[in-house]
J.: 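Below is a structure I'd like to ask you about.
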Protein chains: 2
Amino acid sequence: MNDVEQIIESLRRKQLRITPQRELIVRALTDVDDDEHQTAEEIHARVQASTSAVNIATIYRTLDMLVEEGLVTRVDLGGGKEVFATVQHGMHMHLVCRQCGHVLDADTQVLQDVRQYLVAEHGFSADLEHISLFGMCEACKQLTSSHEEL
Amino acid sequence: MNDVEQIIESLRRKQLRITPQRELIVRALTDVDDDEHQTAEEIHARVQASTSAVNIATIYRTLDMLVEEGLVTRVDLGGGKEVFATVQHGMHMHLVCRQCGHVLDADTQVLQDVRQYLVAEHGFSADLEHISLFGMCEACKQLTSSHEEL
DNA sequence: TTCACTGCAAAACGTTTGCATGTAT
DNA sequence: ATACATGCAAACGTTTTGCAGTGAA
């Protein structure tokens, strides 16, 4: 059973309706070449490429529903940019380059100490499964150091 | 020399113009009683409380300028919510409760290992000075465990 | 005097909503 | 048959922009 079928099956179990639109949206969410996360607009564009068109409002409503049902994660990349991915993508952090906008995925293992510290010190249960960190990637650092402008 | 004067003096050195509006905005940024970070709208409201009114467009343009000049930090609290604070506030992380929206400040010392790991493993220089982490605060955890609804 | 800055209003932007229609169950 | 989901268009809240006028240097 692939990712699409898994999600569709979950919806069926939850007595939620399986519409052609929802199938297209779920397919778009899982049909990611590398393993990128997409904005609502990107998912919309990908769905439009199919035979039938789906209204943007439906994209938003369906994404909200999938997030609410715990089948999809909503990740805030900062600057008001939200991206979506199926939960199958697993936990990882996003290293967002402020310069070029490129997003690199990294392991969250190193954050375990932080999680424990926050609970012990502040009683705060941090959700570190899809955290976004901002900074500068290797390529942009080299470009900046060679230019050294401004 | 207080915070306001420091920023004004920086602007003067950079040959940028000191207008009454800019003074009011800088004053609003530093006149923080309890809550140290404010949205553009909150700053606008605080400035309006003064004798003269300042247009919201000026608030945005001035904040952008101050951030660009490195005098103010723009912090993304997620959900498209951006807040601003003078750089004098120093480095700390924001623990944002998804339930009640309350923001707790915490020490970033514990993140030093993470920073080193990211540089060593991915060549990524993370800006951890004003990071936001999402999760659930102590108070909301207790409420949830007692209700156990949904 | 000059040109950066401001106010105003309009536009842009991504997202949400109300309502009539359509359709999965 | 009956909810529930969809399309459409309009509303939304926040941020940005063009332009003419103002004022700091």
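As a basis for the values below, the full set of heavy atoms in this structure was taken, side chains included, without hydrogen atoms, waters or symmetry mates. Chain identifiers are assigned alphabetically (A, B, ...) following the order of the sequence lines, protein sequences preceding nucleic acid strands; residue numbering begins at 1 within each chain. The structure presented is a predicted model; accordingly, all values stated were derived computationally and were not measured.
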J.: What is the separation between atom CG on B:N55 and atom C1' on C:dA9, rounded to the nearest whole Å?
T.: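 Interatomic distance, CG of B:N55 to C1' of C:dA9: 9 Å.
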J.: Under 4.0 Å between a side-chain N/O of B:Q21 and OP1 or OP2 of C:dG7, yes or no?
T.: yes
J.: Once you round it to whole Å, what is the distance between P of C:dC5 and CD1 of B:I59?
T.: 15 Å
J.: Mind calculating the distance between CG (A:D64) and C1' (C:dT17) to the nearest angstrom?
T.: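 After rounding, the reported distance stands at 12 Å.
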J.: Could you tell me the separation between the CG atom of A:L24 and the P atom of C:dT23, rounded to a whole number of Å?
T.: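 After rounding, the reported distance stands at 15 Å.
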J.: List for me each residue that meets salt bridge (Lys or Arg N to Asp or Glu O under 4.0 Å) alongside A:R27, sequence neighbours excluded, and say none if there are none.
T.: A:E23
J.: To the nearest angstrom, how far is A:H44 atom NE2 from D:dG7 atom C1'?
T.: 11 Å
J.: Using atom CZ of A:R22 as one end and atom P of C:dT23 as the other, report the distance to the nearest whole Å.
T.: 15 Å
J.: Taking the hydrophobic residues Ile, Leu, Val, Met, Phe, Trp and Tyr, and joining any pair whose side-chain heavy atoms are under 4.5 Å apart, which ones share a cluster with B:V119?
T.: none
J.: Can you list every pair that meets ring-ring contact (aromatic ring centres under 6.0 Å, His included) and has a residue in residues 94-123 of chain B, with sequence neighbours left out?
T.: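 For residues 94-123 of chain B: B:H37-B:H94, B:H92-B:H94.
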J.: Through direct or indirect side-chain contacts below 4.5 angstrom among Ile, Leu, Val, Met, Phe, Trp and Tyr, which residues connect to A:V83?
T.: A:V75, A:L77, A:V96, A:V103, A:F134
J.: I'd like to check the side-chain hydrogen bond (donor to acceptor under 3.5 Å, both in side chains) partners of B:T73; sequence neighbours left out, ordered by chain and number.
T.: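 For B:T73, no residue satisfies side-chain hydrogen bond (donor to acceptor under 3.5 Å, both in side chains) once neighbours in sequence are set aside.
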J.: Rounded to the Å, how far apart are B:I56 CD1 and D:dT17 P?
T.: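 The answer, rounded to whole Å, is 15 Å.
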J.: Any donor-acceptor pair under 3.5 Å linking the side chain of A:Q21 with the backbone of A:T58?
T.: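 No: the side chain of A:Q21 does not pair with the backbone of A:T58.
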J.: Want to settle it: does B:G80 or A:A53 sit nearer the 5' end of DNA chain D, counting the closest nucleotide to each?
T.: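 Closest to the 5' end, via its nearest nucleotide, is A:A53.
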J.: Output a table of nitrogen or oxygen pairs between the protein and nucleotides 23-25 of chain D separated by less than 3.5 Å.
T.:
from	atom 1	to	atom 2	distance (Å)
D:dG23	N2	B:R17	NH1	3.0
D:dA25	OP1	B:I18	N	3.2

J.: Can you check the A:K14 NZ to D:dA3 C1' distance for me, whole Å?
T.: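 Between C1' of D:dA3 and NZ of A:K14: 19 Å.
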J.: Could you go through the side-chain contact (heavy atoms from CB on, under 4.5 Å) check for B:V26 and B:L71 one step at a time?
T.: CA-CA 10 Å; B:V26 170; B:L71 302 170; over 6 Å; no
J.: Which part of the nucleic acid, if any, lies within reach of B:R61 when heavy atoms closer than 4.0 Å are counted: base, sugar-phosphate only, or nothing?
T.: base
